[in-house]
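Have a look at the structure below before the remarks.
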Amino acid sequence: MDLPPGLTIGALDHVELPQVSAWAANEGWNPGLCDLDVAWALEPDAFLALRLRGEFIGVGTIFVHPPDYGFMGLFIVDPAHRGHGLGTKLWTYRRDLLMERVGHGGVIGMDGVFAMVPFYERGGFELAYRDLRMEGTARGLVDPDVVDLHVGRADAREANTDDLVSVDLARMVACDRSTFPVDRTGFLGLWLTRQGVHTVGIVEDSNIVAFATARPCQVGYKLGPVVADNPGLARRVVGTLLDRIDGHQVQWDIPEPNQAALSIASDHGLHESFGCARMYLGGVPDIDVDRLFGVTSFEFG
Ligand SMILES: CC(C)(COP(=O)(O)OP(=O)(O)OC[C@H]1O[C@@H](n2cnc3c(N)ncnc32)[C@H](O)[C@@H]1OP(=O)(O)O)[C@@H](O)C(=O)NCCC(=O)NCCS
């Protein structure tokens with residue numbers, strides 16, 4: 001792609017990650033404390049920096065969930081440089097590179113701010129549905145049959161208490177699988193085991209039929225993923241999870257077609273505070289939105 005003189009797009013340096021977090025925070029996106037670290041650990045090439053005469057002025061991620069699902073996120077240009085067409089250059093470059101990376105037949109997803117839907121449509125994306133952010137103060141309702149899940153962590157195996165269950169990552173992935181376009185074992189392996197994360201679930205006949213995860217963010221916690229075989233199970237895991245983070249601010253991103261999830265959020269006193277348009281390039285994947293009660297992340301899918 002031809003870029004104007006002085007403008008370059010290339011790899012992000014790891015020391016620049018705090019600037020990315022700061023920009024995201026300034027947009028009010030309240031990034032998870034370890035979200036960028038998880039993505040960086042799995043795929044540092046996903047981070048692209050926009051530079052003007054060497055100055056770092058913008059960022060965007062193109063994260064690949066192998067083998068062929070890509071996700072575009074964290075699209076930010078420093079406020080001082082907006083409105084001059086630079087963001088379009090970065091966005092188009094990222095889209096084209098990600099299309100190459102997911103290959104022929106691959107699909108790219110994104111959660112875009114509503115105001116920019118026409119821009120993304122012009123870039124080839126189609127709107128699937130809205131993801132609504134429900135927010136408030138966590139007030140839990142404990143269900144005695146919901147257990148704390150610790151995924152493949154050594155300390156969980158040693159803990160041996162009634163309310164702490166060690167589960168294989170494969171069983172979490174099995175529960176998650178129909179709600180995501182690809183098997184994301186590697187991603188969940190890091191997402192679910194990092195510092196400060198709470199995951200609760202319901203195990204029936206050694207299968208996980210519902211689980212919900214909360215991760216610490218710059219302010220409070222975000223939920224995601226939240227997966228359940230039916231709304232009753234979802235209500236039970238979310239109620240117990242909110243108890244684990246009782247009193248903290250919580251944000252829960254819900255696919256609007258899952259009205260049951262929105263009802264559960266309202267019943268817990270959460271209100272709509274933000275939202276994104278879930279859009280796809282390459283076709284809308286056949287995921288089971290009725291089982292998807294909470295999006296993992298607007299940045300990484
Ligand atoms: C989005 C962003 C990266 C664009 O960077 P930029 O350098 O200003 O980009 P450009 O000047 O090339 O403009 C790109 C398009 O974004 C549109 N745009 C930017 N902000 C917009 C907004 N709040 N509402 C509607 N459109 C917007 C511009 O109108 C333009 O579309 P057009 O070509 O149809 O006129 C920048 O505005 C930004 O960092 N915004 C805050 C973070 C954000 O919202 N990111 C997008 C998340 S999906």
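Note: hydrogens, waters and symmetry copies are ignored here, and every other heavy atom, side chains too, is used. None of these values were measured; they are calculated from a predicted model. Read the numbers this way: they start at 1 and go in the same order the structure lists the ligands and their atoms.
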Ring centres of F298 and W29 under 6.0 Å apart?
->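 Centroid distance F298-W29: not below 6.0 Å, so no.
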- What orientation do H65 and F187 show, parallel under 30°, tilted 30 to 60°, or perpendicular over 60°?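 Perpendicular.
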*Parallel under 30°, tilted from 30 to 60°, perpendicular over 60°: which one fits the rings of F47 and F300?*
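Ring orientation, 0 to 90° scale: tilted.
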Counting each atom of ligand 1 from 1 as listed, which ones have a heavy atom of [X] under 4.0 Å away?
X	value
F119	14 (C), 15 (C), 31 (O)
R122	32 (P), 34 (O)
L86	7 (O), 12 (O)
E27	41 (C), 42 (C)
G83	6 (P), 7 (O), 8 (O), 11 (O)

Short check: is a protein heavy atom less than 4.0 Å from [atom]?
atom	answer
atom 28 (C) of ligand 1	no
atom 35 (O) of ligand 1	no
atom 10 (P) of ligand 1	yes

message: Can you tell me if W29 contacts ligand 1 (heavy atom of the residue under 4.0 Å from the ligand)?
response: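 Flag set, W29 near ligand 1.
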Report task. Please state whether K89 comes within less than 4.0 angstrom of ligand 1, counting heavy atoms only. Result ->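 For ligand 1, residue contact (heavy atoms, under 4.0 Å) with K89 is absent.
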Evaluate [X] for polar contact with ligand 1, using N/O atom pairs at a separation under 3.5 Å.
X	value
M110	no
Y120	no
G87	yes
G85	yes

side-chain hydrogen bond (donor to acceptor under 3.5 Å, both in side chains) partner of R291, chosen from D229, D176, T179, N230: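 Of all the options given, the one that passes is D229.
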Check your understanding: Quick check: does any side chain N or O of D168 sit under 3.5 Å from a backbone N or O of A170, one acting as donor and the other as acceptor?
Key ->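 Side chain of D168 to backbone of A170, a donor-acceptor pair under 3.5 Å: no, none is there.
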Is the backbone of A261 close enough, under 3.5 Å, to the side chain of N258 for a donor and an acceptor to pair up by distance?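 Flag set: sc N258 to bb A261 pair under 3.5 Å.
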Can you figure out which of T88, D111, V113 has its heavy atom closest to atom 13 (O) of ligand 1?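 Among T88, D111, V113, the closest heavy atom to atom 13 (O) of ligand 1 belongs to T88.
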Nearest 0.5 Å, please: how far is OG1 in T185 from CG in L190?
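The distance works out to 11.5 Å.
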For [atom], closest protein heavy-atom neighbour:
atom	result
atom 45 (N) of ligand 1	F75 O, 2.7 Å
atom 24 (N) of ligand 1	A115 CB, 3.3 Å
atom 38 (C) of ligand 1	R82 NE, 3.3 Å
atom 18 (N) of ligand 1	M116 SD, 3.9 Å
atom 39 (O) of ligand 1	V77 N, 2.9 Å

*Find out whether M99 and L281 are in side-chain contact, i.e. whether some heavy atom of one side chain is under 4.5 Å from a heavy atom of the other.*
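They are in contact (side-chain heavy atoms under 4.5 Å apart), so the answer is yes.
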Checklist entry - Between R235 and S263, is any side-chain donor less than 3.5 angstrom from a side-chain acceptor? => result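 No donor-acceptor contact under 3.5 Å links the two side chains.
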For D37, enumerate each residue passing the side-chain hydrogen bond (donor to acceptor under 3.5 Å, both in side chains) test, keeping only those at least two apart in sequence or located in another chain.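 Here no residue qualifies.
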Is the count of non-hydrogen atoms from other residues, nucleotides or ligands lying under 6.0 Å from H104 atom NE2 greater than 12?
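No.
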Show every donor-acceptor pair shorter than 3.5 Å between a side-chain atom in residues 111-129 and any protein atom, with sequence neighbours excluded, or say none if there are none.
from: D111; atom 1: OD1; to: R278; atom 2: NE; distance (Å): 3.1
from: D111; atom 1: OD2; to: R278; atom 2: NE; distance (Å): 3.4
from: D111; atom 1: OD2; to: R278; atom 2: NH2; distance (Å): 2.9

